[in-house]
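Reviewing the structure listed below.
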Amino acid sequence: MLSQAVSEAFAQAQREGEIPAFSLPPIVMEKPRQGTLGDYATAICLQVGRLAGLAPATLAHLIAKRIALTGPIGRVEVAGPGFINITLSASWLVRQVDEILAAGQSFGMVDAGKGLRVQVEYGSANPTGPLHVGFARNVVIGDTLANILAAAGYSVEREYYVNDAGTQMQLFGQSLYARYAQALGLDVPLPENGYQGQYLVEWGKEIAATAGRRYLDMPYEEAVAALTELGLKEKVLKGVQEDLSLLGVKYDNWFFERSLYASGTFEEAMALLRQRGYLEERDGAIWFLASRFGEDKDAVVIRSNGLPGYFASDIAYHYDKFVKRGFDVVVDVWGADHQGHVPRMKAVMAALGLDPERLHIVIYQLVTLKRGGEIIRISKRTGDLVTLRELLEEVGPDAVRYFLLSRAPDSQMEFDLELAARQTEENPVFYVQYAHARIASVLRLAQRTPLQPTDGDVSLLEHPSELNLIRQMIQLPEVICDAARDYAPHRLAYYAYELARSFHTFYRDCRILSSLPQEEALTKARLKLTLAAKLVLARVLALMGMSAPERM
RNA sequence: GCCCCAGUAGCUCAGCAGGACAGAGCAGCUGCCUUCUAAGCAGCGGGCCGCAGGUUCGAAUCCUGCCUGGGGUACCA
């Protein structure tokens with residue numbers, strides 16, 4: 001570690017009495033904006049100049065002198081007001097090509113997570129119809145975050161929470177009943193606030209066709225319950241699973257809200273809160289005393305009609321995650337329309353005697369859909385929506401994922417369907433994939449020669465573009481580390497782009513395949529570099545859930 | 001009213017646990033395909049980092065206020 005080398009230099013200077021003893025803040029190594037300033041820089045001397053009683057630049061010289069030129073450290077310089085700039089040694093850099101190939105698929109893995117059990121929950125939405133486009137951002141962020149955390153050394157479990165209880169589910173069932181009855185010629189109106197989407201009309205017809213009048217002969221409540229179940233399992237969730245698999249989104253576990261009530265978990269969680277004195281009855285409802293935790297208002301847990309609200313389920317659900325299943329950390333991915341719910345959930349954590357820090361909620365801003373510059377308004381209940389399926393058919397899963405990943409969750413984004421679907425150089429998705437396809441093409445040609453990429457001698461690599469490509473490749477572990485720490489999946493998209501750029505530049509500057517006998521060794525070395533670049537590029541694409549095409 | 005997020009190049013966005021002259025893509029303009037994929041490469045132009053204060057040796061980054069946009073503020077989820 002470079003920061004360690006710097007801190008050792010400090011320790012040495014202190015031992016030698018050159019500078020007074022003081023404790024050093026963490027040394028942050030950063031990448032200077034300008035390439036000419038070296039690969040890494042630290043401003044530590046600017047920060048502690050005062051403590052050392054020296055001008056920052058003087059201190060920097062003292063320290064720089066004591067940094068040993070071993071391992072990755074090729075050159076140490078002092079610049080500006082007291083920065084220490086470190087340049088990686090070329091011989092160390094080229095050896096990393098061998099390291100990368102040796103690491104193979106595990107290249108980039110870090111152990112920041114130390115095996116901590118983390119659950120990532122994403123995609124939870126009312127299962128009352130086909131998935132909507134806005135929802136794509138949720139699952140893409142969640143799925144990618146799970147990939148990142150797994151690569152960062154966490155033990156990850158991915159979960160989909162099915163809200164199969166509550167008011168919306170009931171409305172769904174009643175709406176489906178109405179459509180079903182209508183399909184059989186009865187004049188049953190949709191319930192007030194019912195789901196008006198065309199898909200329910202279709203489902204009603206399908207059920208009428210296969211089940212006939214069976215549900216009409218049952219008591220209404222019973223029929224609605226049966227249709228809710230049928231609609232959920234046979235229609236909604238099947239569609240959801242198909243959509244997710246098209247998008248390449250994976251899950252380990254599907255968790256049903258109703259199971260919280262069936263298993264007694266809900267009662268357990270309530271009993272714990274009551275025992276701790278955080279529940280109170282008021283106006284016929286049961287309230288959670290969020291105000292005890294600095295919230296403006298208390299929140300209703302059980303409504304005066306005796307039914308638990310969504311908040312009740314969420315309390316029980318998180319109790320289940322932490323207490324019953326014992327996750328160390330839980331990450332929830334929620335849309336910005338739920339952000340008001342965050343402080344309440346944090347309060348619940350505290351009320352349950354759990355450290356609120358263990359619950360991390362990633363809030364992403366909502367997506368504005370556009371088509372050719374025009375905003376598309378959406379509403380699920382009126383059925384006026386663009387489905388995820390339509391999006392996937394129009395744009396393709398790779399472009400959807402890359403596009404949604406190329407912005408920080410915090411930033412509001414516009415998704416222009418026309419733009420994303422465009423298969424041209426305007427679309428950065430292809431830039432990254434093209435680099436991979438290009439590599440694959442070169443390697444295919446190499447297969448027709450007797451030259452083996454694995455025979456390459458990396459010490460022959462010395463062109464700036466070669467070294468630059470290696471510099472870029474060895475960033476991956478850091479990128480994964482940062483992305484995991486900050487819950488920032490978009491870093492991958494930017495990294496992938498930079499990596500592709502470095503390859504394209506190398507490709508232009510350095511002829512890989514040469515037929516000249518005297519360049520045979522160099523060709524093998526460059527083939528080896530190319531092979532390693534392919535591996536790293538494929539790793540990033542895989543982390544983003546995208547395909548790495550062999551041809552384009 | 002109060003709370004959360006954002007405001008950076010013509011457009012879409014990075015950068016924000018303070019650091020060296022502010023970055024990328026797209027769009028615009030120039031060049032580059034008789035040898036590995038031109039979905040590529042190289043270059044040019046383009047910025048009071050929303051506004052005003054403050055903290056600091058140093059602020060796009062931290063603090064305060066204001067302005068603009070989005071979201072929330074229900075016994076809906």
Side-chain angles (χ1 to χ4, degrees), chain A residues 26 28 30 32-34 37 41-44 46-47 49-50 55-56 79-83 85 124-126 128 163 166-169 171 193 257 282-287 295-297 299-314 334-343 363-366 368 373 403 406-414 416 419 423-435 437-446 485-486 490-491 493-494 497-498 500-501 503-515 523 526-527 530 551-552:
Chain A
V28 185
E30 48 198 22
R33 287 215 176 88
Q34 270 180 284
L37 295 175
T42 179
I44 186 72
L46 293 162
Q47 287 164 36
R50 191 168 296 170
F83 291 95
N85 296 335
S124 316
N126 278 329
T128 55
N163 304 101
T167 317
Q168 296 303 318
M169 207 58 223
L171 270 176
N193 295 323
E257 181 181 2
R282 221 151 55 208
D283 311 324
I286 310 256
W287 298 71
E295 282 297 282
D296 295 347
K297 302 168 193 162
V300 167
V301 178
I302 305 204
R303 294 180 274 166
S304 50
N305 63 8
L307 296 175
Y310 73 95
F311 186 44
S313 295
D314 272 353
W334 292 352
D337 52 340
H338 288 64
Q339 43 74 359
H341 193 42
V342 174
I363 295 288
Y364 63 92
Q365 297 298 313
L366 271 19
T368 308
F403 198 81
S406 62
R407 280 130 176 92
D410 260 347
S411 89
Q412 285 164 231
M413 63 181 292
E414 294 183 349
D416 194 312
L419 211 69
Q423 306 236 344
T424 67
E425 69 282 356
E426 294 168 43
N427 200 329
V429 180
F430 302 110
Y431 182 86
V432 178
Q433 292 185 319
Y434 182 67
R438 219 178 197 185
I439 291 174
S441 168
V442 173
L443 293 175
R444 270 196 302 276
L445 285 176
R485 182 197 59 200
D486 298 336
H490 67 286
R491 301 265 167 81
Y494 283 87
Y497 196 92
E498 294 298 322
R501 187 213 307 277
F503 178 78
H504 286 312
T505 300
F506 157 70
Y507 180 89
R508 190 232 13 193
D509 288 342
C510 304
R511 172 85 204 176
I512 301 168
L513 299 172
S514 168
S515 47
T523 293
R526 286 181 171 165
L527 277 172
T530 303
R551 298 169 200 274
M552 280 176 77

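Lettering of chains follows the sequences in order, A, B, ..., and the numbering in each one begins at 1. On a predicted model such as this, the values are computed, not experimentally measured, just so you know. Atoms considered below: every heavy atom in the structure, side chains included; atoms not considered: hydrogens, waters and symmetry mates.
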Task: Between U55(B) and U12(B) - C1' atom distance, rounded Å - done: 34 Å
Task: Heavy-atom check, side chain of V442(A) versus side chain of Y507(A), under 4.5 Å - done: yes
Task: Pairing partner (Watson-Crick or G-U wobble, both distances under 3.5 angstrom) of U12(B) - done: A24(B)
Open item on the list: Roughly how many Å apart are C57(B) and G18(B), using the C1' atom of each and rounding to a whole number?
Closed with: 12 Å
TODO: Using atom CG of L46(A) as one end and atom C1' of A59(B) as the other, report the distance to the nearest whole Å.
DONE: 15 Å
- [ ] Using a 4.0 Å heavy-atom cut-off across all strands, classify A299(A) as base, sugar-phosphate, or nothing.
- [x] nothing
Open item on the list: Would the distance check show the side chain of T505(A) and the main-chain N or O of R501(A) forming a donor-acceptor pair, the cut-off being under 3.5 Å?
Closed with: yes
- [ ] Using a cut-off of strictly less than 4.0 Å, decide whether R501(A) has a side-chain nitrogen or oxygen near OP1 or OP2 of G25(B).
- [x] yes
Open item on the list: Looking at G15(B), I'd like to know if its phosphate oxygens (OP1 or OP2) sit under 4.0 Å from a side-chain N or O belonging to R491(A).
Closed with: yes
- [ ] Tell which nucleotide pairs with A6(B), taking only Watson-Crick or G-U wobble pairs whose two distances are both under 3.5 angstrom.
- [x] U68(B)
- [ ] Kindly say whether A285(A) contributes a backbone atom to a donor-acceptor pair with the side chain of D283(A) at under 3.5 angstrom?
- [x] no
TODO: Return the value, rounded to whole Å, for the distance between atom CZ of R438(A) and atom C1' of A39(B).
DONE: 9 Å
TODO: Among U12(B), U37(B), A42(B), find the nucleotide with the atom closest to the side chain of R407(A).
DONE: U12(B)
Open item on the list: Counting primed atoms plus P, OP1 and OP2 as sugar-phosphate and everything else as base, spell out the protein contacts along nucleotides 72-77 of chain B at 4.0 Å heavy-atom distance: B, S or - for each nucleotide, 5' to 3'.
Closed with: SSSBSB
Open item on the list: Applying the Watson-Crick and G-U wobble criteria at under 3.5 Å, what pairs with C36(B)? Answer none if nothing qualifies.
Closed with: none
TODO: Provide the distance between the two P atoms, one in C11(B) and one in G28(B), to the nearest whole Å.
DONE: 15 Å
- [ ] Rounded to whole angstrom, note down the P distance from A38(B) over to C33(B).
- [x] 12 Å
Task: Span that lies between the P atom of C67(B) and that of C26(B), in whole angstrom - done: 38 Å
- [ ] Report the distance from atom NE2 of H490(A) to atom C1' of A24(B), rounded to the nearest whole Å.
- [x] 13 Å
Open item on the list: Once you apply a heavy-atom cut-off of 4.0 Å, does Y494(A) come out as touching a base, just sugar-phosphate, or nothing?
Closed with: sugar-phosphate
- [ ] Determine the interatomic distance between P on G43(B) and the same-named atom on A6(B); round to the nearest Å.
- [x] 34 Å
Task: Under 4.0 angstrom between T505(A) side-chain N/O and A42(B) OP1 or OP2 - done: yes
- [ ] Return yes if the base of G19(B) and the side-chain atoms of E30(A) contain a donor-acceptor N/O pair under 3.5 Å, otherwise no.
- [x] no
Open item on the list: Under 3.5 Å for both donor-acceptor distances, Watson-Crick or wobble: does C57(B) have a partner, and if so which one?
Closed with: G19(B)
Open item on the list: Is Y507(A) stacked against the base of G40(B), taking the criterion as centroid distance under 5.5 angstrom and interplanar angle under 30°?
Closed with: no
Task: Sugar-phosphate only, base, or nothing, as touched by Q47(A) at under 4.0 Å among non-hydrogen atoms - done: base
Task: Euclidean distance, atom CG of residue D486(A) to atom P of A14(B) [Å, nearest integer] - done: 14 Å
- [ ] May I ask which nucleotide in the shown strands pairs with A42(B), Watson-Crick or G-U wobble, both distances under 3.5 Å?
- [x] U30(B)
Open item on the list: Ignoring hydrogens, what is the shortest heavy-atom contact between P26(A) and I44(A)? Give both atom names and the distance.
Closed with: O-CD1, 4.4 Å
Open item on the list: Can you check the distance between C66(B) and C29(B), where both ends of the measurement are the C1' atom (answer in whole Å)?
Closed with: 41 Å
TODO: With heavy atoms under 4.0 Å as the rule, sort A41(A) into base, sugar-phosphate or nothing.
DONE: base
Open item on the list: Categorize L445(A) for me: base, sugar-phosphate, or nothing, with a 4.0 angstrom heavy-atom threshold over every strand shown.
Closed with: sugar-phosphate
TODO: Measure the distance from CG on L443(A) to C1' on C36(B) and round it to the nearest whole Å.
DONE: 10 Å
Open item on the list: Between G47(B) and A9(B), how far apart are the two P atoms, rounded to whole Å?
Closed with: 10 Å
Task: A42(B) base / D509(A) side chain donor-acceptor hit below 3.5 Å - done: no
Task: Closest to the R551(A) side chain, choosing from C2(B), A17(B), U37(B) - done: U37(B)
TODO: Identify the two heavy atoms, one from A336(A) and one from Q365(A), that lie closest to each other, and give their separation to 0.1 Å.
DONE: CB-OE1, 3.7 Å
TODO: Whole angstrom is fine here: how far is it from OH in Y497(A) over to P in A39(B)?
DONE: 14 Å
- [ ] Determine whether the aromatic ring centres of Y434(A) and Y431(A) lie less than 6.0 Å apart.
- [x] no
- [ ] Select base, sugar-phosphate, or nothing to describe what Y434(A) touches, counting heavy atoms under 4.0 Å on all strands.
- [x] base
Task: Syn or anti for C33(B) (syn when the glycosidic angle lies within 90° of 0) - done: syn
- [ ] Tell me which of L513(A) and A435(A) sits closer to the 5' end of RNA chain B, going by the nucleotide each one is nearest to.
- [x] L513(A)
Open item on the list: Return whichever of S515(A) or I363(A) has its heavy-atom-nearest nucleotide of RNA chain B closer to the 5' end.
Closed with: I363(A)
Open item on the list: Checking the side chain of S514(A) only, and the main-chain atoms of T523(A) only, is there a donor and an acceptor separated by less than 3.5 Å?
Closed with: no
TODO: May I ask you to check whether over 12 heavy atoms, not counting those of R551(A), lie within 6.0 Å of atom CZ?
DONE: no
Open item on the list: How many whole angstroms separate atom CE of M413(A) from atom P of G25(B)?
Closed with: 19 Å
Task: Euclidean distance, atom CD of residue Q412(A) to atom P of C4(B) [Å, nearest integer] - done: 16 Å
Task: Over all atoms of both residues, closest heavy-atom pair of R526(A) and C510(A) - done: CZ-CB, 3.5 Å
TODO: Answer yes or no: are there more than 12 heavy-atom neighbours, outside R444(A) itself, under 6.0 Å from its atom CZ?
DONE: yes
Open item on the list: Taking pairing as Watson-Crick or G-U wobble with both contacts under 3.5 Å, can you name the mate of U73(B), or confirm there isn't one?
Closed with: G1(B)
Open item on the list: OP1 or OP2 of A14(B) versus the side-chain N and O atoms of S411(A): is any pair under 4.0 Å?
Closed with: yes
Open item on the list: Has Y494(A) got a side-chain atom pairing as donor or acceptor with S406(A)'s backbone, closer than 3.5 angstrom?
Closed with: yes
